[in-house]
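See below for the structure under consideration.
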Amino acid sequence: MTTALKRYGLGVLAIAVTVVLFIVPLAFMALTAVKDRREAAKLDFAWPTTFNFIENFQDVLSARKFMLVTAFINSTILTVASVTILVILAAMVAWILQRRRSRWNGVANFLILSGLIIPPAVVPTIWVLQSMGLFKSLPGLILIEVAFGLSFCVMLFRAFIASIPKELDEAAVIDGCGPVRLFFRVIFPLLRSVIVTVIVVQSVHIFNDFQNPLYFLPGDANATVQLTLFNFQSQFATSYNLLFMNILLITIPPLIMYLFFNRQIVAGMTAGAVKG
Amino acid sequence: MTLKTAAPAPAAVARRAEHQARRRKGKSPYPYWFYLPAAVVYTALFLVPTFASFFFSFTRWTLTDFTFIGLDNFVQFFQEPALLKGLTNTFIYGAVTSTLKVVLGMLLAVLLTSRIIARGYLRSVIFFPVLLSSIGVGIVFTVLMDPSKGMINEALAAVGIEGPAWLVDPAWALLSVAMVDVWKGVGLATVIYIAGIVSIPQEYFEAAKMDGASSVKCFFNITLPLARPATATVIILSLIGGLRSFDLIWAMTKGGPGFTSDVIASVIFKQYQAGFYGLSTAGNVVLFLIVTAIILPLSMFLNRKEVEQ
């Protein structure tokens with residue numbers, strides 16, 4: 001009796017609280033995005049009298065010479081390229097680090113830990129990028145995302161590689177496999193599940209990244225979606241419907257990721273919670 | 001390569017061993033050059049700037065030219081009220097967000113691992129904001145926290161409470177942003193705690209129930225101590241994030257009103273925009289020292305306790 005009361009009572013209470021705290025802000029965002037300009041300016045939580053989804057969608061896309069479209073293309077290139085490089089480089093490092101005991105292990109572990117903790121130094125990074133001719137360029141930002149994401153990815157890969165039996169490597173070596181073939185043909189395919197985790201976690205992270213594009217990729221020509229949103233904040237100060245439509249649009253990619261890869265995302269983000 | 005052996009032909013054996021060793025060394029299935037691509041990127045874009053920041057923080061710097069000015073940048077950082085405010089705000093922000101995330105995350109995780117209805121819905125809805133863009137969340141909440149027209153104050157007015165002016169009130173601005181940060185990040189703390197709690201063997205709870213322990217007692221004597229690795233992870237992660245946090249603050253207040261909600265990360269950006277590269281870099285060094293000085297001892301402490309168990 002009391003357990004049933006607890007089960008339903010607490011549950012209903014929790015649902016009510018989460019609806020107020022989480023669903024209402026999200027619904028507010030979605031509703032404002034489809035209102036017309038005058039209604040949106042009231043900033044209230046009301047059902048729109050007219051649904052202007054298509055108009056707002058077109059207006060947002062065409063604003064500032066289709067800047068948002070360019071931004072989506074830029075963000076896609078950035079995300080895909082940096083995640084691809086990250087996965088390959090981090091898996092290579094993690095594999096050697098896990099398999100080969102040497103005096104480099106201590107150094108590597110220290111560097112990985114530093115990468116997780118140390119906040120990147122901004123202006124010196126710009127200085128380095130400039131001397132390489134990569135400042136304000138998409139390849140530069142891609143390399144930045146790779147450099148800053150490596151530590152986390154190596155950590156995830158390493159924990160997983162520890163569970164792959166070493167005998168597999170030995171068997172492949174006896175069969176005459178060189179290191180490159182051994183890694184890409186034997187080991188890499190076995191990492192599939194952790195690769196999916198790394199891909200979804202990092203792509204959401206990089207897609208949502210604001211600070212690095214702000215510093216290392218300024219300028220309207222190659223803005224990413226987060227920067228566009230930030231730039232529109234002042235421009236659309238009077239048309240909240242368009243601002244919120246923009247937010248809605250950039251929320252869709254992470255939402256899709258979440259719907260399909262819910263478990264991998266949670267697994268990737270909680271890695272280390274049990275082992276410490 | 002020396003090989004001490006009593007074999008009849010020591011020279012030959014030694015030669016063969018040497019040969020084998022060389023082959024093993026040269027053709028290890030785990031070659032060091034696999035480190036190389038990652039090491040190059042990491043060194044060029046992370047290590048070099050980090051080391052360079054220590055040097056350039058002592059200079060007046062224009063990216064092409066620098067003059068050495070000793071500790072001036074740091075003196076300025078600790079003397080100018082606007083910059084010092086950023087320093088104290090960083091501590092406040094980090095402490096408030098990580099404390100709230102630990103407490104709320106733990107409570108939500110206990111709730112979501114107990115036998116209540118709609119667990120799947122609750123878990124998804126609490127976790128989803130983690131994946132949203134900080135800028136988007138910041139803008140939505142800036143609108144919701146509007147002092148006169150915003151939904152939050154209207155809802156409070158409906159129940160007879162006069163809400164504060166949130167982001168425009170100097171006393172509330174930083175806390176308001178911190179609360180939005182918790183709203184966005186508590187889902188991560190919750191799922192980490194859920195993973196920690198689920199890994200506790202169920203037998204402990206059963207045994208405690210047999211002995212007549214209440215659920216409060218169970219929580220404090222079983223869940224809390226055994227979920228310690230999860231607590232460590234949540235504290236470390238949210239502190240690292242909180243001390244470095246920039247996106248939400250920049251999207252919601254830009255450090256304002258005045259500089260009352262500035263943190264070091266936003267000061268770094270403002271000084272960079274103003275062209276004070278040396279000062280900005282000094283800010284980076286200060287942030288680096290603060291984060292390391294807090295995180296390293298803390299993680300050592302949290303991990304040591306874990307071993308003692």
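This is a predicted model, so every value here is computed, not measured. All chains are named by letter (A, B, ...) in the order of the sequence lines, taking the proteins before the strands, and each is independently numbered beginning at 1.
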Any donor-acceptor N/O pair, A:N208 side chain to B:L131 backbone, under 3.5 Å: yes
Contacting moiety of A:E170, where chain B heavy atoms sit under 4.5 Å: neither
Region of B:I295 in contact with chain A, defined by heavy-atom distances below 4.5 Å: side chain
Atom group of B:Y272 that falls short of 4.5 Å from chain A, counting heavy atoms: side chain
Side chain to side chain contact (heavy atoms under 4.5 Å, CB included) evaluation trace for B:F56 with A:V123: CA-CA 9 Å; B:F56 285 116; A:V123 190; over 6 Å; no
Side chain to side chain contact (heavy atoms under 4.5 Å, CB included) between B:L45 and A:F216, worked out: CA-CA 12 Å; B:L45 294 176; A:F216 307 119; over 6 Å; no
Interchain contact, A:L97 with chain B, by part (heavy-atom threshold 4.5 Å): both
B:I240 portion near chain A, given a 4.5 angstrom heavy-atom threshold: side chain
Residue B:Y277 versus chain A: region with a heavy atom under 4.5 Å: both
Side chain / backbone / both / neither for A:I117 at chain B, heavy atoms under 4.5 Å: both
B:V291/A:I118 under side chain to side chain contact (heavy atoms under 4.5 Å, CB included): CA gap, chis, key distance, verdict: CA-CA 7 Å; B:V291 173; A:I118 297 174; over 6 Å; no
Whether B:F46 and A:F148 hold their rings parallel, tilted or perpendicular, with breakpoints at 30° and 60°: perpendicular
Chi angles and distances behind the side chain to side chain contact (heavy atoms under 4.5 Å, CB included) call for A:V122, B:F269: CA-CA 9 Å; A:V122 178; B:F269 184 67; over 6 Å; no
Heavy-atom proximity to chain B below 4.5 Å, by part of A:L248: neither
cation_pi(A:R100, B:Y32) dist<6.0 Å, angle<=45: yes
B:I139 side chain reached by A:F230 side chain, heavy atoms, under 4.5 Å: no
Which atoms of B:P129 approach chain A - backbone, side chain, both or neither, heavy atom under 4.5 Å: side chain
Contact origin within B:L47 toward chain A - heavy atom pairs under 4.5 Å: side chain
B:Y42 (side chain) donor-acceptor with A:L111 (main chain) under 3.5 angstrom: yes
Which portion of B:I236 sits near chain A, non-hydrogen atoms under 4.5 angstrom: neither
Contacting region of B:I194 [heavy-atom separation from chain A under 4.5 Å]: neither
Beyond-backbone contact of B:P31 with A:P179, side-chain heavy atoms, under 4.5 angstrom: yes
Between B:Y30 and A:F183, ring centroids under 6.0 Å: no
Side chain / backbone / both / neither for A:V12 at chain B, heavy atoms under 4.5 Å: both
Heavy-atom proximity to chain A below 4.5 Å, by part of B:S124: both
Closest contact, heavy atoms only, A:V24 versus B:M151: CG1-CE, 3.2 Å
Segment of A:V93 engaging chain B (4.5 angstrom heavy-atom cut-off): both
Contact class of A:Y8 relative to chain B, heavy atoms under 4.5 angstrom: both
Check: A:L21 main-chain N/O paired with B:W183 side-chain donor or acceptor under 3.5 Å: yes
